[in-house]
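Just so you know, these numbers use all the heavy atoms, side chains as well, and skip hydrogens, waters and symmetry mates.
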Amino acid sequence: MLRTNRDRVIQTAVQGGIIAPRAFGWEVSAHGQSIVTPPGLGGITYNVKVGDSVYGWASDHVEPCLSLTATKDKLGDNPNKGFNVFACIGNDVTVISGEAKGARGKVTGHHGGVEHVIADFADDVLDKLTLDDKFLIRAWGQGLALLDHPEVTAYNLDPRLLDDLGIIERDGVLEVPVTAKVPAMLMGSGIGHSDIYKGDYDIQTSDRGLVEEHGLADLKLGDVVAIMDHDGTHGWTVKRGAVTIASVTHGDSYLAGHGPGVSTLLTSSTGKIRPVISPDANVGRYLKVGRYRT
């Protein structure tokens, strides 16, 4: 177990609700097709879970299971940014109203821009939920520090999930299991933003040849990946030798510069992270949610 300051990391309650499904009308794909926005962004998504492929859905930016926000007002109007900032992947979520009151789930990601927190619940809970229900997240993780590795920064990471990532310390470097290594040139929407603590940025997938070449054709929601030569310490940016560890939080996109979104978990500008390929590196498997529920 890595030494951390977890005993000093604040646990606080943030409350929100289900954001209504988003529709943006006609859009143009990276290949020039005119497409009416299909469902998948916001709301309750019954048939897409952590552990499913990011590809092949009749959707764009699909968010698995449940999309939460602190407001139901117009896009971008968020009176409680703490909901998005303080909720971390692996946090406990409790339904506090309606027929499913008392049911427990887990936070599985963030989606920047639309400012959604993505959560997973069992199917029998989803069947009882409505868009009017409320949710309480026991937010814990922002401010987490690795005491023996000051050159590695943690974001969006419940300390209990850190323990489950299978990290090994070797010669002053953290070896982290990942399903794939993503080259810097494939990173798109979100680069330059400094909201690594609540958002995501996208792996571009419009060139399917590059997707195949870099072992990304089997990418799943919840997969832990390494973004090579990318630093997320103070904002997502290219830096030779830097490594960012992230988890896949939303599905593929047909838009130029977009694709599956990843939320940052760990980052090092000095290369103090060494990714090790493991097909089982998936947040859903660690949290026992989505397709990995027992």
Qualifying ring pair (Phe, Tyr, Trp, His ring centres under 6.0 Å) pairs with a residue from residues 87-113, counting only residues at least two apart or across chains: H61-H111, H111-H250
Please list all pairs meeting side-chain hydrogen bond (donor to acceptor under 3.5 Å, both in side chains) that have one or both residues in residues 236-245, counting only residues at least two apart or in different chains. W236-T264, T244-T267
Applied to residues 244-262, the salt bridge (charged side-chain N to carboxylate O under 4.0 Å, His left out) test, sequence neighbours excluded, yields R208-D252
Mind checking what makes side chain to side chain donor-acceptor pair (under 3.5 Å) contact with E212, not counting sequence neighbours? none
With sequence neighbours excluded, tell me which residues meet side chain to side chain donor-acceptor pair (under 3.5 Å) with D123. K49
For D120 and L66: C-alpha separation, side-chain torsions, deciding distance, then whether side-chain contact (heavy atoms from CB on, under 4.5 Å) applies. CA-CA 6 Å; D120 183 277; L66 203 61; over 6 Å; no
Which pairs with one or both residues in residues 98-107 pass salt bridge (charged side-chain N to carboxylate O under 4.0 Å, His left out), sequence neighbours excluded? D92-R104, D92-K106
Please identify each residue that fulfils side chain to side chain donor-acceptor pair (under 3.5 Å) with D195, with sequence neighbours left out. none
Provide the closest heavy-atom pair for V50 versus N282 in the form atom of the first, atom of the second, distance. CG1-OD1, 3.6 Å
Measure across L221 and G251 and return the closest heavy-atom pair with its distance rounded to 0.1 Å. CD2-N, 3.8 Å
Please collect all salt bridge (charged side-chain N to carboxylate O under 4.0 Å, His left out) contacts where either partner lies in residues 30-47, sequence neighbours excluded, each pair once. none
Can you run down the salt bridge (charged side-chain N to carboxylate O under 4.0 Å, His left out) pairs that involve residues 4-18, sequence neighbours left out, and say none if there aren't any? R6-D163
Residues pairing under ring pair (Phe, Tyr, Trp, His ring centres under 6.0 Å) where one sits in residues 132-164, two or more places apart or in two chains, turn out to be F121-F135
Donor-acceptor contacts under 3.5 Å from residues 172-180 side chains, at least two apart:
residue	atom	partner	partner atom	Å
E175	OE1	R170	NE	3.1
E175	OE1	R170	NH2	3.2
E175	OE2	R170	NE	2.9
E175	OE2	R274	NH1	2.8
T179	OG1	D223	OD2	3.4
T179	OG1	V224	O	3.4

Who pairs with K198 by side chain to side chain donor-acceptor pair (under 3.5 Å), at least two apart in sequence or on another chain? E115
Linked, directly or transitively: L157 and V289 (ILVMFWY side chains, under 4.5 Å): yes
